[in-house]
Amino acid sequence: MEIFHKMISAALNLPEKQISNTLRLLAEGATIPFISRYRKEITGGLDEVQIESIKTQYDKLSELAKRKETILGTIGEQGKLTPELRQRIDATWDATALEDIYLPYKPKRKTRAEAARQKGLEPLALLLMMQRENNLGSRIPAFVKGDVKDAEDALKGARDIIAEQVSEDERARNAVRNLFARQAVISAKVVKGKDEEAAKYRDYFDFSSPLKRCTSHRLLAIRRAEAEGLLKVSITPDDDECLERLDRQFVRSNNECGRQVAEAVQDAYRRLLKPSIETEFASLSKEQADDEAIRVFAENLRQLLLAPPLGQKRVMGIDPGFRTGCKVVCLDAQGNLVHNENIYPHPPVDKKTEAASKLRKMIEAYKIEAIAIGNGTASRETENFVTHQQFDRPVQVFVVSEQGASIYSASKTARDEFPDYDVTVRGAVSIARRLMDPLAELVKIDPKSIGVGQYQHDVDQTKLKKSLDQTVENC
């Protein structure tokens, strides 16, 4: 779509030709790393970050185009699609603005306003909105009939209709939205009687912060506690200023009609507008926190995958443990398993002398040049034990992250590689190979299992997977 190319070009400040060429390559099935490395002459030298930005923008616009089709179809079925409305929808490429245009036509479950319309109170609501009638009392009796019990019932129904109109008015929504953006405060309070259960969220028992200054990790922690039913969370602007803005827009008279409209505006703000915009900002702030957490994830993963390999050296891998001992494996320079056994240098078994003797024999027999120790339970004690031994050659000792080693050891890949060995041997082999060539070993594991960020279960899982898979592909 030509219009997409123009919009992406403006958003990313890149020439249109580069955008269209890149999208053509992606449509043909070329991957981002392939395009950035081998098709520089076609893309004008774009790197993988720029190409990914182009793809992301294009995907967003495609989704928006699909949404527009749905909206046009729904309004068309209602017989309310005027040429002007179609033109407005066609010209809008902002998701929030599009939903605001659609809101008055969106199929709703039965609302208070809809019930009032069915009682024939829409003309009264219109009369109140005009705010020109100075003898309102004389006009109301005409509406007291059927399901409308009395004058107050008629006015209440009319106010419900006005409240819905106010809450669906684009200008009103934008006014409240702008105040939320500038001054919204996120507050959290512990749910009554849950103090003990929520102890780990103690920092947020009586928390308040401007939303735009609330860091992503704090926001994710608050939202997790809210999901667990431990905190009550709200996002609020200055209510008085919001109401003042809305009054300025809708209340144009000081007569009884004006007072009824003012009451309806208050109801619209508290019952409809504020909760709606609060939900919008809760969702938006969560999305921004997710993006920041996922960015950190991806960067940490990239650094882990691109850690310098030790290379083709004979390596010993040790998966440390106390009660079950340390599982030791010896690999040749190509990473093949040549030997494995257990040693028990720590309590409760505590066979230090025997463990030291076995270690020396293995290092001598298999000409070991480096030792990789997993960083889990008993890691420090095992490192201390190993570094205090005397060997027949200089041996480098490294502590290696064992995140995800247990996932790998129970996987089909590991079973295919080592069908005759149990999970403990496979885990120790993975630790040793991570030292030899981190990239080659870590790509066997689902990126989410490598444990490279906070709150991985709280962020958007589809986005996280997409970002981590892309990082692996780039590396």
Side-chain angles (χ1 to χ4, degrees), residues 64 67-68 70-72 74-75 78 80-108 111-114 116-117 121-133 157-185 211-212 234-285:
L64 210 51
R67 180 69 180 141
K68 282 188 185 192
T70 308
I71 288 172
L72 288 167
T74 308
I75 300 174
Q78 296 170 16
K80 295 177 182 174
L81 187 60
T82 62
E84 295 78 25
L85 185 56
R86 176 183 277 280
Q87 195 179 351
R88 279 195 71 199
I89 291 170
D90 284 341
T92 303
W93 288 99
D94 177 278
T96 308
L98 183 66
E99 294 302 329
D100 279 356
I101 294 170
Y102 178 45
L103 193 58
Y105 308 95
K106 202 173 190 175
K108 307 174 183 72
T111 61
R112 276 162 51 170
E114 189 52 45
R117 282 191 196 96
L121 293 171
E122 194 151 24
L124 178 58
L126 199 61
L127 181 76
L128 294 178
M129 280 299 270
M130 302 284 280
Q131 298 171 53
R132 291 187 194 139
E133 178 58 64
R159 287 197 302 268
D160 285 341
I161 293 170
I162 294 169
E164 187 168 277
Q165 286 172 354
V166 168
S167 80
E168 290 178 352
D169 182 90
E170 285 176 58
R171 216 175 111 214
R173 291 182 77 80
N174 279 327
V176 174
R177 197 176 276 128
N178 290 339
L179 285 168
F180 260 89
R182 284 212 324 270
Q183 47 171 250
V185 169
L211 181 64
K212 59 186 178 189
S234 66
I235 298 173
T236 48
D238 181 330
D239 289 337
D240 293 339
E241 197 175 334
C242 286
L243 282 165
E244 195 185 308
R245 288 267 185 109
L246 294 172
D247 280 346
R248 280 209 302 270
Q249 184 180 337
F250 293 101
V251 184
R252 294 184 295 278
S253 169
N254 200 22
N255 59 14
E256 182 54 32
C257 290
R259 285 190 282 280
Q260 291 291 330
V261 171
E263 198 178 325
V265 165
Q266 279 234 356
D267 177 47
Y269 174 68
R270 297 192 188 284
R271 183 169 59 87
L272 302 168
L273 242 178
K274 185 183 173 184
S276 169
I277 304 291
E278 181 178 354
T279 303
E280 205 177 280
F281 271 77
S283 170
L284 183 69
S285 58

Quick one: [atom1] on [X] to [atom2] on [Y], what's the gap to the nearest 0.5 Å?
| X | Y | atom1 | atom2 | answer |
| --- | --- | --- | --- | --- |
| L272 | Q165 | CG | CD | 12.0 Å |
| E122 | E114 | CD | CD | 8.5 Å |
| R159 | Q260 | CZ | CD | 5.0 Å |
| L128 | E263 | CG | CD | 10.5 Å |
| S234 | E278 | OG | CD | 6.0 Å |
| I277 | L284 | CD1 | CG | 11.0 Å |

Checking the side chain of [X] only, and the main-chain atoms of [Y] only, is there a donor and an acceptor separated by less than 3.5 Å?
| X | Y | value |
| --- | --- | --- |
| S253 | N255 | yes |
| Q131 | R252 | yes |
| Q183 | D238 | yes |
| R259 | N254 | yes |

Ion pair check, [X] and [Y], cut-off under 4.0 Å:
| X | Y | answer |
| --- | --- | --- |
| R177 | E280 | yes |
| R117 | E164 | yes |
| R88 | E84 | no |

Any [X] side-chain heavy atom under 4.5 Å of [Y] side chain:
| X | Y | answer |
| --- | --- | --- |
| I101 | I71 | no |
| T74 | Y105 | no |
| V185 | I235 | no |
| K274 | F180 | yes |
| N174 | D100 | yes |
| E99 | D94 | no |
| L246 | L273 | yes |
| M129 | C257 | no |

Where do [X] and [Y] come nearest, in terms of heavy atoms and distance?
| X | Y | result |
| --- | --- | --- |
| K68 | I89 | NZ-O, 3.1 Å |
| L64 | W93 | CD2-O, 3.2 Å |
| L103 | S167 | CD2-O, 4.0 Å |
| P275 | Y269 | CD-O, 3.8 Å |
| S276 | R173 | OG-NH2, 2.7 Å |
| A163 | A264 | CB-O, 3.7 Å |

Around atom CZ of R132, are there more than 12 heavy atoms of other residues, nucleotides or ligands at under 6.0 Å?
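Atom CZ in R132 is not packed in, count stays at 12 or less.
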Is it the case that more than 12 heavy atoms not belonging to Q87 sit under 6.0 Å from its CD atom?
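Open: at most 12 neighbouring heavy atoms sit under 6.0 Å from CD of Q87.
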D267 vs V166, test: side chain to side chain contact (heavy atoms under 4.5 Å, CB included). Steps then yes/no.
CA-CA 10 Å; D267 177 47; V166 168; over 6 Å; no
Candidate list V265, D240, L179, test side chain to side chain contact (heavy atoms under 4.5 Å, CB included), partner R245, passing option
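Of the listed residues V265, D240, L179, the side chain to side chain contact (heavy atoms under 4.5 Å, CB included) partner of R245 is L179.
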Would Q249 and D169 satisfy side chain to side chain donor-acceptor pair (under 3.5 Å), going step by step from the backbone distance to the final call?
CA-CA 10 Å; Q249 184 180 337; D169 182 90; 2.9 Å; yes
R67/L98 under side chain to side chain contact (heavy atoms under 4.5 Å, CB included): CA gap, chis, key distance, verdict:
CA-CA 9 Å; R67 180 69 180 141; L98 183 66; 4.1 Å; yes
Determine, step by step, whether R86 and T82 satisfy the side chain to side chain contact (heavy atoms under 4.5 Å, CB included) criterion, reporting the C-alpha distance in whole Å, the side-chain angles of both residues, the deciding distance to 0.1 Å, and the verdict.
CA-CA 6 Å; R86 176 183 277 280; T82 62; over 6 Å; no
